[in-house]
Enquirer: 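What follows is a structure written as structure tokens; I'll ask about it next.
Computation of the quantities below employed the complete heavy-atom set of this structure, encompassing side-chain atoms and omitting hydrogens, waters and symmetry-equivalent molecules.
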Amino acid sequence: MGNKSKTTGNRQGLQVVTLCISTAMVLILLGLVVFTVLTAHNLSNYVKENLTVTMMLEEDMTNPEALQLCKNLRTRRYISNLHYISKQQALKEQTAAMGTDPSEFIGTNPFLGSIEVNLKADYANSDSLRWIEKELKKYPKVGDITYQQDLMDSVNDNLRKISIVLLILAGLLTFVSFSLINNTVRLGIYAGRFSIHTMKLVGASWGFIRRPFVCRAIVVGLVAAFIAMLVLAGSVYALAQYEPDAMTVITWQVMVITAASVFLFGIVITAICSNISVNKFLRMKAGELYKI
């Protein structure tokens, strides 16, 4: 009798371990999707905010006037950062790049001052740039406004396509994950189907019968989520060691939201799946339990 109880306990323990591992693997995939979507959004903003709009200044604009213009521009809601390049600085940079001073044989500084503007991500698109360009040209002594229109359109188009693909993948993976976890949880509850029927015979309510199975499934979901987060955190740490620049787009907000999503998925999906599985066995009659 003791050996039989020990065997049953070992079998149940193995089922719990298997359920934890299976659920953790699914949660890792879900966590990767959430992590990828959030990181892609940050990458999109990073790329957009590093696209440069160059304001060419007229020849007669002095440094004090240019600095005052920069001060005014910093109050604009669409500008995230700007950098003023004076005529003297432009000459110095070009002299270093060319290895010779053009002003020596021209007789004057051929370069104009400029202001390099980085826009906020929400404004780095063609529609916004049209009215931003018109507004910038209203400032006195501002010449041409140049930016890489083709590059900006290409970036926005590619990011839009990537976002759609990621959202579709997230939806499909959520559906598949729910199915896999549901099957795994159902197998765990299958072993206790006769206990469920016995409790029904002694008059236990469905809620009373369902509660311990749901609670056990939630605990398994929490343990699986913890395992999944350890794997994801280890992967991010390895990525940070291999490519430190990746941490520019992998922020602590991304990690917190990913962790919260993994734990939420772990709790909600296992609770729903266990509830569905227990209800299925509760609706069965005694003869049906022997046929499945």
Enquirer: Going by the ring-ring contact (aromatic ring centres under 6.0 Å, His included) test, which pairs reach into residues 232-280, not counting sequence neighbours?
Expert: none

Enquirer: Do any pairs count as a ring-ring contact (aromatic ring centres under 6.0 Å, His included) and have a residue in residues 116-148, sequence neighbours left out, and if so which ones?
Expert: Tyr78-Trp131

Enquirer: Going by heavy atoms in the side chains, are Lys161 and Asp157 under 4.5 Å from each other?
Expert: yes

Enquirer: Apply side-chain hydrogen bond (donor to acceptor under 3.5 Å, both in side chains) to Arg76 and list each qualifying residue two or more places apart in sequence or on a separate chain.
Expert: Glu135

Enquirer: For residues 26-42, which side-chain donor-acceptor pairs fall under 3.5 Å, sequence neighbours excluded?
Expert:
residue: Thr36; atom: OG1; partner: Leu32; partner atom: O; Å: 2.6
residue: Thr39; atom: OG1; partner: Phe35; partner atom: O; Å: 2.7
residue: Asn42; atom: ND2; partner: Val249; partner atom: O; Å: 2.9

Enquirer: Listing request: all salt bridge (Lys or Arg N to Asp or Glu O under 4.0 Å) pairs with a residue in residues 242-252, at least two apart in sequence or in separate chains.
Expert: none

Enquirer: Output yes when a side-chain donor or acceptor of Lys87 lies under 3.5 Å from a complementary backbone atom of Asn63, and no otherwise.
Expert: no

Enquirer: Work out which heavy atom in Thr54 is nearest to a heavy atom in Ser114; give both atom names and the distance.
Expert: CG2-CB, 4.1 Å

Enquirer: Could you tell me the separation between the CG atom of Leu129 and the CD1 atom of Ile145, rounded to the nearest 0.5 Å?
Expert: 10.5 Å

Enquirer: Determine whether Leu82 and Val117 satisfy the following criterion, side-chain contact (heavy atoms from CB on, under 4.5 Å), listing intermediate values before the conclusion.
Expert: CA-CA 4 Å; Leu82 59 84; Val117 175; 4.3 Å; yes

Enquirer: With a 3.5 Å cut-off and sequence neighbours excluded, list the donor-acceptor pairs that the side chains of residues 219-236 form with protein atoms.
Expert:
residue: Ser235; atom: OG; partner: Val231; partner atom: O; Å: 2.9

Enquirer: Give a yes or no on whether the backbone of Asn275 and the side-chain of Asn279 come within a donor-acceptor separation of less than 3.5 Å.
Expert: yes

Enquirer: Can you confirm whether more than 12 heavy atoms, excluding those of Met255, are under 6.0 Å from its CE atom?
Expert: yes

Enquirer: When rounded to the nearest 0.5 angstrom, what is the spacing between CG in Asn81 and CD in Glu116?
Expert: 10.0 Å

Enquirer: Under a 4.5 Å cut-off applied to non-hydrogen side-chain atoms, are Leu73 and Met55 in contact?
Expert: yes

